[in-house]
Amino acid sequence: LRSYHFTPYIRAEVYYDSSFHKWSRTAESVGSIFPIGKRFELEPYYEHQNETGTAPNRQVNAVGLVLSLYFSIGD
């Protein structure tokens, strides 16, 4: 959007559970990071998780919002 720069992303994660001796969970997410000035970022995202450790499989769909604050100490 002209001079405004945002960062879209796609992320996938897999988790190994040693109690089940297998890869028991996957998580896929999609979102974007929106900077607000020099010290703030908003990050809305959607995430889907699939857990296969126990029967029946469990699926979770979620939306979230992260607020990141950046500052320096000293200067």
Side-chain angles (χ1 to χ4, degrees):
L1 304 174
R2 296 188 185 180
S3 64
Y4 188 76
H5 299 283
F6 62 95
T7 307
Y9 66 87
I10 297 173
R11 176 176 48 225
E13 301 176 56
V14 293
Y15 300 88
Y16 182 82
D17 191 333
S18 60
S19 62
F20 299 115
H21 303 290
K22 67 177 188 173
W23 297 95
S24 64
R25 183 171 25 148
T26 60
E28 300 84 23
S29 58
V30 60
S32 190
I33 300 170
F34 296 94
I36 302 171
K38 294 182 180 181
R39 300 187 183 270
F40 301 96
E41 289 180 345
L42 277 179
E43 179 186 343
Y45 66 91
Y46 164 78
E47 182 165 308
H48 172 79
Q49 288 186 3
N50 186 32
E51 297 186 21
T52 60
T54 59
N57 291 355
R58 189 174 87 161
Q59 294 189 356
V60 176
N61 295 297
V63 292
L65 181 65
V66 176
L67 171 64
S68 299
L69 310 171
Y70 300 97
F71 57 92
S72 60
I73 299 175
D75 300 328

Handout entry: For Glu51, all residues meeting salt bridge (Lys or Arg N to Asp or Glu O under 4.0 Å), sequence neighbours excluded
Key = Arg58
Exercise for the section: Would you kindly confirm whether Tyr9 and Val66 end up in one hydrophobic cluster when ILVMFWY residues are joined by side chain heavy atoms under 4.5 Å apart? Expected result: yes
Practice task
Can you sort out the partners of Glu43 under salt bridge (Lys or Arg N to Asp or Glu O under 4.0 Å), two or more places apart, ordered by chain and number?
Solution key: none
Handout entry: Distance, nearest 0.5 Å, that separates CD of Glu28 from CD of Glu47
Key = 8.5 Å
Exercise for the section: Just say parallel, tilted or perpendicular for the rings of Tyr16 and Trp23, cut-offs at 30° and 60°. Expected result: perpendicular
Practice task
Check whether any side-chain heavy atom of Leu67 lies under 4.5 Å from a side-chain heavy atom of Leu42, and answer yes or no.
Solution key: yes
Exercise for the section: Identify whether Val30 and Val63 are in the same connected component of the hydrophobic contact network (ILVMFWY, side-chain heavy atoms under 4.5 Å). Expected result: yes
Handout entry: Non-hydrogen atoms of Ala27 and Gln49 that approach each other most closely
Key = CB-CG, 3.9 Å
Practice task
Consider only side-chain heavy atoms of I, L, V, M, F, W and Y, link residues closer than 4.5 Å, and tell whether Tyr70 and Phe34 are in one cluster.
Solution key: no
Problem - Heavy-atom closest pair, residues Asp17 and Ser24 - result: CB-OG, 3.1 Å
Handout entry: Same apolar cluster: Ile10 and Tyr46, side chain cutoff 4.5 Å
Key = yes
Problem - Note, Leu69 side chain near Phe40 side chain (heavy atom, < 4.5 Å) - result: yes
